Amino acid sequence: MTRGNILSSRDDKNDIMKHLIEKAEKLGIKIPHITAEKINAAIKPVLRKMEKAGIRIDVAKLEKLDRKLSKKLIELKKKIEKLAGHSFNVDSPTQMAEVLFNELKLPKADLKKTKSGISTAASELKKIEKKHKIIPPILEHRELAKLISTYLKPLPTLVDEDSRLHTTYGLETSTGRLTSSEPNLQNIPIRGTYGPEIRAAFVASPGMKLISADYSQIELRVVACLAKDGAMIKAFQNNEDIHTRTASEIFDTELSKVTPEQRRAAKTVNFGIVYGQTPYGLSQGLGIPVEKAAEYIMHYFEIHKGVKNYINSMIKMARDEGYVETLFGTKRYLPEIGSSNRYLAEAEERMAINTPVQGTAAEILKLAMIELDRKLTRSVISSGRSPVERSHEISPTSPEARGRNDNPSPRMLLTVHDEIVVEAPAKLANEVAKVIKETMENAVALCVPVRADVGIGDNWAAAK
DNA sequence: TCGTTCACG
DNA sequence: ACGTACGTGAACGAT
């Protein structure tokens, strides 16, 4: 699958390790001596265990919410069809566009086009929200239809005899992130009116708690180090709120005088940077003129010369070498970056900027998971007895022991890009939470502190 | 099977 | 003049 066995000899791998260590040292980062390849090999058994464990679902709760939202959905459909003057398939973008732009003659000039016509995406419909009473119910219908068809209806049918839901994790992504499928448990709603209600249906087993731990701004911390950006490094070392700091920079305001509105805008700028966002994209995101957006970005790069330099050097690297790589050596080839097709070339430029950041963050999370699994499996925090003591009885993780709820040990259940969810006996929850936090924060010694926030609760919503 | 839309980080 | 922020997976309609 890779290269011939003869070429990928052990010496060759040592060379890779040497190269990675040297690169990390130049960035002021001390990495564990391990390559991406080995990280992926080591995470596999951990993922298989998590899949097998599954997470308990409060099926009745989902079904109750389904009944409530399905009823609302019917009313919304009626309302939309009444305003349209006839019944039609509200779920069909084609028919929706016909109703809105041909029958009701709503203005379509400012809206994005798709291959098949005018876009009816929520972000586009919001632009004409004030033009007709039909838009708000359409937006609400969209939201509810999504929740019902993707989560509320399917999930209850997928639980096992213990009401547990088992996903499958995959490793084959272009940046090194994990995927989750059948069902995807990495896109369970959290925002909106009903997001928290759906998350609250992911519950701890009796006598147990869920512990959720997520990295705080891991991607921006990675940027600070990969870019060796002095201003960003200082902000993180001083434990400042990075978005407030950016706001004070781009709006030229004292830290204490940054408004919530300014902080929100700065947050968009910070994330946009990691994606290679253009002034146009930022203007869309913030609802401001392109000129203003360009000004913010320019001002940002005046202060963050390291980030500017990082962007340029990743694009150069991809052009010269044909690929970019993460801290632990996951490569992504970008063959079209020199293409005369500007669309393709610019898309790969953004990948060159984003991949090392997103991929390095993913590797850090995987390292933390591997280490945490080791600690949860072998350490005395499993019910406070030594592994030797426990080895003389039924394994605490065996189905027999779990069935009787006998000395269950803490175990990882889920992971969502910068988050780990663990289930632990209620009595051990505080102790386990500390171990998780400590493991995540020390998985790698970046040039800035790494922080993780931990919460404990009876369900996934309450654990955040 | 593809395109559109939208849920998450 | 053009299109415009990265990475995923799932549901639905159109073909």
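All heavy atoms count here, side chains included; hydrogens, waters and symmetry mates do not. We name chains A, B, ... by the order of the sequence lines, and we start the count at 1 in each one. Only a predicted model underlies this, so the values are computations on that prediction, with no experimental measurement involved.
Counting to the nearest Å, the C1' atom of B:dA7 and the CD1 atom of A:Ile148 are 14 Å from each other. Between the CG atom of A:Leu158 and the C1' atom of C:dG9 there is a distance of 14 Å, rounded to whole Å. Note: CZ (A:Arg142) to P (B:dT4) measures 13 Å, nearest angstrom. Rounding to whole angstrom units, CG of residue A:Leu144 and C1' of C:dC12 are separated by 16 Å. In this structure, A:Leu414 places its CG atom 13 Å from P of B:dG9, rounding to the nearest Å. Counting to the nearest Å, the C1' atom of C:dG9 and the CD1 atom of A:Ile188 are 11 Å from each other. A:Tyr169 places its OH atom 14 Å from the C1' atom of C:dG9, with the value rounded to the nearest Å. A:Asp66 has its CG atom 14 Å from the P atom of C:dA11, to the nearest Å.
In this structure, A:Ser174 reaches the sugar-phosphate backbone alone: every heavy-atom distance under 4.0 Å involves primed, P, OP1 or OP2 atoms, never a base. Residue-level contact check: A:Asp214 touches neither bases nor backbone, having no heavy atom under 4.0 Å from any strand. Here A:Ala122 lies in heavy-atom contact (under 4.0 Å) with sugar-phosphate atoms only. A:Asn184 comes within contact range of the sugar-phosphate backbone alone, with a heavy-atom separation under 4.0 Å but no base atom that close. Here A:Leu178 lies out of heavy-atom contact (under 4.0 Å) with every strand. As judged by a 4.0 angstrom heavy-atom cut-off over every strand, A:Lys146 is placed among the base-contacting residues. A:Gln284 comes within 4.0 angstrom of no nucleic acid atom, judged by non-hydrogen atoms across all strands. Within 4.0 Å (heavy atoms only), A:Glu182 reaches sugar-phosphate atoms of the nucleic acid but no base atom.
A side chain to side chain contact (heavy atoms under 4.5 Å, CB included) with A:Ile211 holds for exactly one of A:Leu413, A:Val454, A:Val435, A:Ile420; it is A:Val454.
A side-chain donor-acceptor contact under 3.5 Å links A:His166 to the backbone of A:Lys52.
Look at A:Lys64 and A:Glu197 and you find no salt bridge, because none of the NZ, NE, NH1 or NH2 atoms lies under 4.0 Å from a carboxylate O. Salt-bridge check for A:Arg177 with A:Glu219: passed, with a basic side-chain N closer than 4.0 Å to an acidic carboxylate O.
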Could you give me the CA-CA distance, side-chain angles and deciding distance for A:Glu295 and A:Lys292, then say whether side chain to side chain contact (heavy atoms under 4.5 Å, CB included) is met? CA-CA 5 Å; A:Glu295 198 184 300; A:Lys292 260 282 178 254; 3.7 Å; yes

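Atom NZ of A:Lys23 has more than 12 neighbouring heavy atoms from other residues, nucleotides or ligands inside a 6.0 Å radius.
Between the side chains of A:Ser216 and A:Asp453, not a single donor N or O lies within less than 3.5 Å of an accepting N or O.
Taking the six-membered ring for Trp and the full ring otherwise, the centers of A:Phe271 and A:His243 sit less than 6.0 Å from each other.
Closest contact between the side chain of A:Lys115 and the listed nucleotides B:dT4, C:dG13, C:dG7 involves B:dT4. The nucleotide whose nearest atom lies closest to any side-chain atom of A:Thr179 is, among C:dG9, C:dG7, B:dG9, C:dG9.
Using the Watson-Crick or G-U wobble rule with both distances under 3.5 Å, C:dC2 pairs with nothing in any strand shown.
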Polar atom pairs between nucleotides 2-5 of chain C and protein, under 3.5 Å, N or O only, would you list them?
from  : atom 1 : to       : atom 2 : distance (Å)
C:dG3 : N2     : A:Arg342 : NH2    : 3.0
C:dT4 : O2     : A:Thr278 : OG1    : 3.3
C:dA5 : OP2    : A:Thr278 : OG1    : 3.1
C:dA5 : O3'    : A:Arg350 : NE     : 3.1
C:dA5 : N7     : A:Gln277 : NE2    : 2.9
C:dA5 : N6     : A:Gln277 : NE2    : 3.3

